[in-house]
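A quick write-up on the structure given underneath.
The chains referred to below are lettered A, B, ... by the order of the sequence lines, with proteins before strands, and numbering in each begins at 1. All figures in this text were calculated on a predicted structure; none of them were measured in a lab.
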Amino acid sequence: MLIHQTLTTDFKFLNIFTYNNKILKPTIIKNIMRTNYEPKPAFVERISKLLDNDKEDIKKFFETAKTKPRKSIRVNTLKITPEELKQKLEAKGWKLEQIKDHPEIMIIKSNLLPGEIGKAKEHLLGYYYVQEITSMMPMVALQPTNQDILLDCCAAPGSKTTQAAALMNNKGAILANDLNIGRIRILSANLERQDVTNTIITRHDAIALAAKLRKLGLQFDKVLVDAPCSGEGNLRVSPRTLLEWSEGLLKSLSKKQKRIASEILTLLKPGGEMIYSTCTHAPEENEEVVQHLLDNNPDLEIQEFSLPIKSRPGITKWKDKTFHQSLTKCHRIYHHDNDMEGFFICKLKRRDTEGKLGSLATK
Amino acid sequence: MKILLSSQKKKILKQLNEQFGITTLPYLVLRFGKEKLRAYSGSFSIEELNKLDSELRIENMGLYFAKQQVDGIRLTLDGVQLFKEQITKNILNLNQKQADDWLKGQDLSIESDRAFKILKYNNEFLGCGKSTGERITNSIAKERRIK
């Protein structure tokens, strides 16, 4: 976004475009200015394989990728009840649909003006958080309670942290971490607007954070690793993902995710639960990471859980790799199944046996 | 970050009570910088928080609920909402136009005594502003204003 703004204002009349005082190559400019991106053949092939080469399913996936997802909000129950907010928004003419058993989750059915959801008085007062429904699912699966100590290790911009604080009724304790100072500012602002009082925000690389917390001897009842990923599930809002996508990127991310998840897992109490989630479909970033955790932590098991939206089971085979049968308890969410975005969620539990920490798997 | 002693917290509560009628402050109160007061409700003990503070780069903790100024305590918008059930004093009821103007970041031409005022429209608490006698100075952060 920043690049695009710079491009439209700097030296346009000379056909010279700069970013951070560097002159950009015409090919880069061409790619940046594009709004529609075609998927690379390798991407199409991989998605087709994930969808069992079902032609209808594949067609629906790629057609949906070119459309925008439904708008949704999550009611901030720390400030207002779902019914009260619904009344206020319906009085403004908004049409809302609530998700069964989750009245705080609302789909906006009416066509609002661009920016109207973010500019509404109720948003400024922190009565709701604009959040994609699939992104709410990791916390729906984790269900933190007011007794828990929760770690959200890649927390910014704070959608899941604020959701956890609401579920915990501002009790228990949350440690929300992120590395980037700009993203931390957004995280802080979002936590303020939502009246979150039970959270500490720290700024560390997730791996360094794990080392520091181990040194302190602090362990957590619940952990969320919403790992940085290639974002294949966000194509509808970030089509640029297709431009940046490569199999090499998946491999390097997979390595990073294994390291983060392994290190953070050492902070999980015996009997504690951890969600590993991404907004991507690549098995290298999902099942392969979970399998890596299982291989190196014999006291770890995958838990079953249900979601209020359609999902598909995790896979047990990808290319030359075979994953444990219990990986089918993971949830794969595809954007065309719910008219939302894509996600992967796995719930892990450390067995409460001898109370010792799991091994540090990846150095 | 500085965790306030119970005697310091009592002083703040006394001031909050005098200004706004607030009777309980069920939080750990922390001072960030010279003026910013934050409310923390998490279950970490003071000892645990000090340990965390010694080892981790803590950017923020709890909610920024008030600014302690020479002329009194000014509640933030979120601070007003945090204590809305307790606030009984210095409430100014606005009409719809005044509420809209306030949320747009404008000062309000309302005559009242010189004090920090809680702005309310119907049952909604819209923040806190300082009265100069003739007008209420707006304190809604730019990013929170209606454009």
Side-chain angles (χ1 to χ4, degrees), chain A residues 76 78-80 84 88 115 118-127 146-150 156 165 168-179 181 183-189 191-205 208-209 211-218 221, chain B residues 1 25-30 32 36 38-45 47-65 76-85 96 99-100 102-105 119-127 140-147:
Chain A
N76 179 16
L78 293 173
K79 283 193 176 181
I80 197 165
E84 279 174 314
K88 282 180 193 290
K119 286 177 191 166
K121 178 185 76 178
E122 290 75 12
H123 182 247
L124 298 172
L125 292 175
Y127 292 164
N146 56 14
Q147 305 289 317
D148 288 331
I149 298 180
L150 168 77
M168 296 162 81
N169 201 22
N170 260 337
K171 305 273 179 12
I174 302 176
L175 202 150
N177 178 73
D178 212 279
L179 177 61
I181 189 68
R183 285 169 61 80
I184 293 240
R185 285 198 190 106
I186 298 167
L187 171 67
S188 293
L191 263 60
E192 302 284 340
R193 196 172 59 236
Q194 302 285 302
D195 257 4
V196 172
T197 55
N198 68 341
T199 299
I200 298 170
I201 299 176
T202 59
R203 179 161 60 93
H204 289 282
D205 166 65
L209 176 77
K212 284 176 182 291
L213 290 171
R214 271 198 304 275
K215 191 177 161 192
L216 287 169
L218 184 62
D221 303 292
Chain B
M1 154 188 129
L25 191 49
Y27 304 98
L28 200 63
V29 179
L30 306 114
F32 274 66
K36 286 185 177 180
R38 303 189 73 95
Y40 176 71
S41 67
S43 57
F44 287 126
S45 66
E47 290 73 28
E48 285 171 325
L49 290 174
N50 283 328
K51 262 172 83 177
L52 287 171
D53 191 36
S54 69
E55 195 63 35
L56 303 177
R57 201 184 293 133
I58 293 179
E59 293 291 330
N60 261 330
M61 190 187 294
L63 180 78
Y64 169 35
F65 75 96
T76 62
L77 171 56
D78 303 301
V80 169
Q81 298 207 343
L82 191 66
F83 293 107
K84 65 182 176 187
E85 306 295 337
Q96 191 177 347
D100 290 346
W102 176 256
L103 290 172
K104 283 177 189 164
L119 288 310
K120 194 179 172 189
Y121 171 63
N122 285 342
N123 59 350
E124 284 183 321
F125 287 82
L126 305 179
I140 304 227
K142 278 181 188 167
E143 64 275 14
R144 297 285 289 273
R145 293 175 186 171
I146 289 181
K147 288 159 188 122

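The two residues A/L124 and B/L77 make their nearest non-hydrogen contact at O-CD2, 4.3 Å. Between A/I200 and B/F44 the shortest heavy-atom distance is CD1-CD1, 3.7 Å. Between A/L216 and B/E55 the shortest heavy-atom distance is CD1-CB, 3.7 Å.
Applying the 6.0 Å contact sphere to NZ of B/K36 captures no more than 12 heavy atoms from other residues, nucleotides or ligands.
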Run the side chain to side chain contact (heavy atoms under 4.5 Å, CB included) check on B/I146 and A/H123 step by step: do they pass?
CA-CA 10 Å; B/I146 289 181; A/H123 182 247; over 6 Å; no
Verify side chain to side chain contact (heavy atoms under 4.5 Å, CB included) between A/I181 and B/E59, making sure each step is shown before the conclusion.
CA-CA 9 Å; A/I181 189 68; B/E59 293 291 330; 3.7 Å; yes
Go through the steps for B/R144 and A/E192 under the test salt bridge (charged side-chain N to carboxylate O under 4.0 Å, His left out), then give the verdict.
CA-CA 11 Å; B/R144 297 285 289 273; A/E192 302 284 340; over 6 Å; no
Passes side-chain hydrogen bond (donor to acceptor under 3.5 Å, both in side chains), A/N170 versus B/S41? Steps please.
CA-CA 7 Å; A/N170 260 337; B/S41 67; 4.5 Å; no
Where do A/N177 and B/L56 land on the side chain to side chain contact (heavy atoms under 4.5 Å, CB included) test, with the steps shown first?
CA-CA 10 Å; A/N177 178 73; B/L56 303 177; over 6 Å; no
Apply side chain to side chain contact (heavy atoms under 4.5 Å, CB included) to residues A/T199 and B/L63 and explain how you reach the verdict.
CA-CA 8 Å; A/T199 299; B/L63 180 78; over 6 Å; no
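To the nearest 0.5 Å, the span separating CG on A/L125 from CZ on B/F125 amounts to 12.0 Å. Rounded to the nearest 0.5 angstrom, B/R57 CZ and A/I184 CD1 are separated by 9.0 Å. Between atom OG1 of residue A/T197 and atom OH of residue B/Y40 there is a gap of 9.0 Å, rounded to the nearest 0.5 Å. Atom CZ of residue B/F83 and atom CG of residue A/D195 lie 9.5 Å apart, to the nearest 0.5 angstrom. Note that CG of A/L78 is 11.0 Å distant from CD of B/Q81, once rounded to the nearest 0.5 Å.
Most heavy-atom pairs under 4.5 Å with chain B, from the set A/V196, A/N146, A/I201: that is A/I201. The greatest number of non-hydrogen atom pairs below 4.5 Å with chain B, out of A/K119, A/H204, A/K215, is found for A/H204. Note on A/K212, A/R203, A/K171: by heavy-atom pairs under 4.5 Å with chain B, the leading option is A/R203.
Only the side chain of B/N123 comes within contact range of chain A, with heavy atoms under 4.5 Å apart. Neither the backbone nor the side chain of B/I140 comes within contact range of chain A; no heavy atoms are under 4.5 Å apart. Contacts of B/R145 with chain A are made by backbone atoms alone, with heavy-atom separations under 4.5 Å and no side-chain atom involved.
Of the charged side-chain nitrogens involved, none lies within less than 4.0 Å of a carboxylate oxygen, so that B/E143 and A/R185 do not count as a salt-bridged pair.
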